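Small disclaimer: the values here were computed from a predicted structure and weren't measured.
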Amino acid sequence: CELYKRYAKAMLNVAHRITNSVEEAEDVLQEAFVRAFTKLDSYKGDATFGAWLKRIVVNTAINHLRSKKLDTIALDERMDVPEELSMSNDCKEVPWKMHEIRKAISILPEGYRVVFSLYVIEGYDHGEISLILNISEATSKSQFSRARKKLRQILENRTYV
């Protein structure tokens with residue numbers, strides 16, 4: 001099918017960033033496309049088809065992780081978290097190559113990696129992430145903040161090699 005050819009690679013990358021496994025990402029991709037094709041009549045054109053499909057892939061990947069009963073990192077919901085967690089201080093000059101950063105992201109703890117990927121790579125805001133993952137917005141922000149710190153630590157110590 002033309003839709004599959006057009007979107008499969010990009011959607012596989014989305015699924016892989018969330019599942020951290022090529023095999024699981026392939027399973028997620030197949031399941032997501034089946035869901036999309038069976039619900040094609042519900043596509044209203046409010047967003048691009050790619051954005052609509054990406055949402056299905058993300059939700060399918062998250063459901064896949066849930067079905068594996070992977071624990072997200074427990075965080076104190078009452079933590080004081082700044083309203084906006086800016087990446088600007090971290091992005092002045094990055095001394096690492098992209099493949100090093102990808103590898104470091106892949107070894108983040110599951111909860112950190114999923115929130116980090118959804119926020120930074122997929123472009124969801126913390127409100128959307130909280131709905132997708134069924135966590136509070138404060139937890140999403142906390143996991144993102146801790147993911148950034150852990151990622152920097154991994155990269156600075158070169159523990160991704």
How long is the gap from [atom1] on [X] to [atom2] on [Y], to the nearest 0.5 Å?
X: I129; Y: I62; atom1: CD1; atom2: CD1; result: 9.0 Å
X: Y4; Y: L29; atom1: OH; atom2: CG; result: 4.5 Å
X: L133; Y: N59; atom1: CG; atom2: CG; result: 9.5 Å
X: I105; Y: N20; atom1: CD1; atom2: CG; result: 10.0 Å
X: L118; Y: I132; atom1: CG; atom2: CD1; result: 5.5 Å
X: I135; Y: S140; atom1: CD1; atom2: OG; result: 5.0 Å

Okay, side chain of [X], backbone of [Y]: is any donor-acceptor separation there less than 3.5 Å?
X: S142; Y: A138; answer: yes
X: E128; Y: D125; answer: yes
X: S117; Y: V114; answer: no
X: Y43; Y: F49; answer: yes
X: K54; Y: A10; answer: no

Distance-minimising heavy-atom pair for [X] and [Y]:
X: H16; Y: S21; result: CD2-C, 3.5 Å
X: A147; Y: L108; result: O-CD2, 3.9 Å
X: R55; Y: Y124; result: NH1-CE2, 2.7 Å
X: S136; Y: S130; result: C-CB, 3.6 Å
X: L151; Y: I101; result: CD1-O, 4.4 Å
X: A36; Y: L53; result: CB-CD1, 3.7 Å

Are any of the side-chain heavy atoms of [X] and [Y] separated by less than 4.5 Å?
X: D46; Y: W52; value: no
X: R113; Y: E110; value: yes
X: T19; Y: D27; value: no
X: L3; Y: F37; value: yes

Next item on the list: Is it possible for you to say whether M11 and L40 belong to one hydrophobic cluster, with membership spreading through side-chain heavy-atom contacts below 4.5 Å?
Entry: yes

Note to self: Is there a path of hydrophobic side-chain contacts, each under 4.5 Å between heavy atoms, that joins L65 and I121?
What the structure shows: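 Yes; tracing contacts between hydrophobic side chains, which count when under 4.5 Å, links both residues.
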
Next item on the list: Please state whether the rings of F144 and Y119 are parallel, tilted or perpendicular, taking 30° and 60° as the class boundaries.
Entry: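 Because their plane-to-plane angle lies in the 30° to 60° range, the rings of F144 and Y119 count as tilted.
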
Margin query: Check this for me, if you would: do E100 and K103 make a salt bridge, where the nitrogen-to-carboxylate-oxygen distance has to be below 4.0 angstrom?
Written below: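 Looking at E100 and K103, the cut-off is not met.
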
